Amino acid sequence: RGLCRSDDLSRMLPAEAALLAKGRTNREAKLLFFARLAERNLMSYERDGWSEQPADVPDVYRREIRPTAERGPILLCVDSSGS
């Protein structure tokens with residue numbers, strides 16, 4: 001838990017963003033990034049505790065139900081490697 005594969009650009013790892021940036025000068029990097037995006041295969045931070053419900057707009061849009069607190073999401077990283 002903590003990481004997943006998705007096509008959500010707002011949750012992608014910095015390494016994926018670096019690959020996109022490298023794509024400005026390297027065609028292979030650009031193609032690799034967009035292939036991962038099309039396949040929903042970008043490494044992303046997993047979001048837990050959120051509910052996605054369809055809104056009254058086309059299916060390509062989704063509405064997020066946020067917690068009632070006026071604070072942002074909590075990110076938790078757990079090292080379970082045992083080292």
Side-chain angles (χ1 to χ4, degrees):
R1 295 193 63 131
L3 296 178
C4 65
R5 297 189 183 273
S6 73
D7 62 344
D8 190 348
L9 297 177
S10 67
R11 295 185 294 135
M12 72 179 171
L13 293 180
E16 300 288 4
L19 183 64
L20 177 60
K22 186 177 180 181
R24 295 180 71 188
T25 58
N26 185 325
R27 180 171 165 74
E28 289 84 19
K30 182 178 181 178
L31 292 175
L32 178 60
F33 175 82
F34 284 109
R36 287 180 182 175
L37 179 64
E39 295 171 353
R40 296 181 175 173
N41 206 14
L42 290 174
M43 286 302 297
S44 305
Y45 294 109
E46 186 175 27
R47 189 165 49 191
D48 199 11
W50 294 74
S51 174
E52 292 186 8
Q53 297 177 353
D56 294 334
V57 291
D59 291 335
V60 293
Y61 299 104
R62 293 184 183 248
R63 188 175 130 228
E64 291 183 350
I65 306 298
R66 295 183 179 238
T68 57
E70 293 290 329
R71 301 177 188 146
I74 298 172
L75 298 178
L76 175 67
C77 297
V78 178
D79 180 9
S80 59
S81 64
S83 60

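Just so you know, these numbers come straight off a predicted model, no measurement behind them.
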Distance in Å, [X] [atom1] paired with [Y] [atom2], rounded so as to fall on 0.5 Å steps:
{"X": "Leu42", "Y": "Leu19", "atom1": "CG", "atom2": "CG", "result": "8.5 Å"}
{"X": "Leu37", "Y": "Asp8", "atom1": "CG", "atom2": "CG", "result": "10.0 Å"}
{"X": "Phe33", "Y": "Asn26", "atom1": "CZ", "atom2": "CG", "result": "14.0 Å"}
{"X": "Leu3", "Y": "Ser44", "atom1": "CG", "atom2": "OG", "result": "8.5 Å"}
{"X": "Cys4", "Y": "Met43", "atom1": "SG", "atom2": "CE", "result": "7.5 Å"}

Suppose the criterion is salt bridge (Lys or Arg N to Asp or Glu O under 4.0 Å): which pairs have a residue in residues 22-43, not counting sequence neighbours?
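The answer is Asp7-Arg40, Glu16-Arg36.
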Sequence neighbours excluded, which residues qualify as side-chain hydrogen bond (donor to acceptor under 3.5 Å, both in side chains) partners of Asn41?
Arg5
